[in-house]
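What follows is a single structure, written as structure tokens, with notes after it.
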Amino acid sequence: AAELAQAREATRVLGLFAPQHLPYVADRKTDATEPTLAEMTQAAIAHLQRNGRGFVLLVEGGNIDRAHHNGNARRALEETIAFSDAVRAADEATSDDDTLILVTADHAHTMFFAGYPVRGNPILDKVRGISGEDPTDSEFAVDKLGLPYTTLGYANGPGFVAPQPGQARPDLSKVDTQDVDYLQESVVPLGGETHGGDDVGVWAKGSGADAVRGSIEQNVLYHFLVQATPALRERLCAAGTCNDDGVPVELPKPGDFKATGNAKR
Ligand SMILES: [Zn+2]
């Protein structure tokens, strides 16, 4: 984070804060030196605002995806909170009058959210409530085998537990399913959990957000962004990619957008 602050006046910045992926929030050491996603977002916006010509910034909470691939809902949820913090930081650093913030995902995962846990039941815990198949005196709702189950699980991934004779499912009664390393049960055993094919949400705030509604194809996101950024739209049209209505309809050729000098102009 200190190095990021030092780079404040730099013309161009490339930040590499770990030998590979940044550590999960859940594994962050108290003396960690790498910046948080929110801090990187703040730094990027402060840097880009200096050019005075507007900007497009993409911020990805990439560790959400990695934790899901590991079948590890707790780390995925904590990363989602860190991503939420980054969105808040972006909102605080910009104005709704001239900035569109779009929040979405590039795909879903196979995590499911199931059962009827009582209100206030911890999301990572076993289901408490009357949702079991049979009435029970147990603290937890139970399945047909009399075993408790978690609210969250995965359709596939490394959390699969092979059935034992007389035990089709693991007995979670004594298992701390809220532990940071607990892997939710999966239906199909895979080394890594896969992406899912669900529709994903898109949330919008600021200039141009009114256009974001209903069910849309993913390529429409590009048009939300272009229509909310007049300078970008002008530039795309100047490159001949627009139709008579001024809507970019051709794929821009990267060669037409080569930087033409110092980015600090
Ligand atoms: Zn992925």
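Numbering of residues begins at 1 and proceeds along the displayed sequence. Numbering of ligands and ligand atoms starts at 1, following listing order.
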Which pairs count as side chain to side chain donor-acceptor pair (under 3.5 Å) when at least one residue sits in residues 181-192, sequence neighbours excluded?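 Sorted pair list: R75-D181, R169-E185.
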
Could I get the full list of side-chain contact (heavy atoms from CB on, under 4.5 Å) partners for S84, not counting sequence neighbours?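 Once residues adjacent in sequence are excluded, the partners of S84 under the side-chain contact (heavy atoms from CB on, under 4.5 Å) criterion are R88.
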
Evaluate the criterion side-chain contact (heavy atoms from CB on, under 4.5 Å) for residue pair Q49 and T94; output intermediate values, then yes/no. CA-CA 9 Å; Q49 278 174 337; T94 55; 4.1 Å; yes

Closer than 2.8 Å to the Zn ion (ligand 1), what protein N/O/S atoms do you find?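 Protein N/O/S atoms under 2.8 Å of the Zn ion (ligand 1): D65 OD1, D65 OD2, H69 NE2, H195 NE2.
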
Over all atoms of both residues, closest heavy-atom pair of T177 and L172: CG2-CD1, 4.4 Å

Residue list, salt bridge (charged side-chain N to carboxylate O under 4.0 Å, His left out) with D171, at least two apart or on another chain: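 Counting only residues at least two positions away or on another chain, D171 forms no salt bridge (charged side-chain N to carboxylate O under 4.0 Å, His left out).
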
Would you kindly say whether Q227 and R233 are connected by a side-chain donor-acceptor distance under 3.5 Å?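 Checked: Q227/R233 side chains pair up, N/O donor to acceptor below 3.5 Å.
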
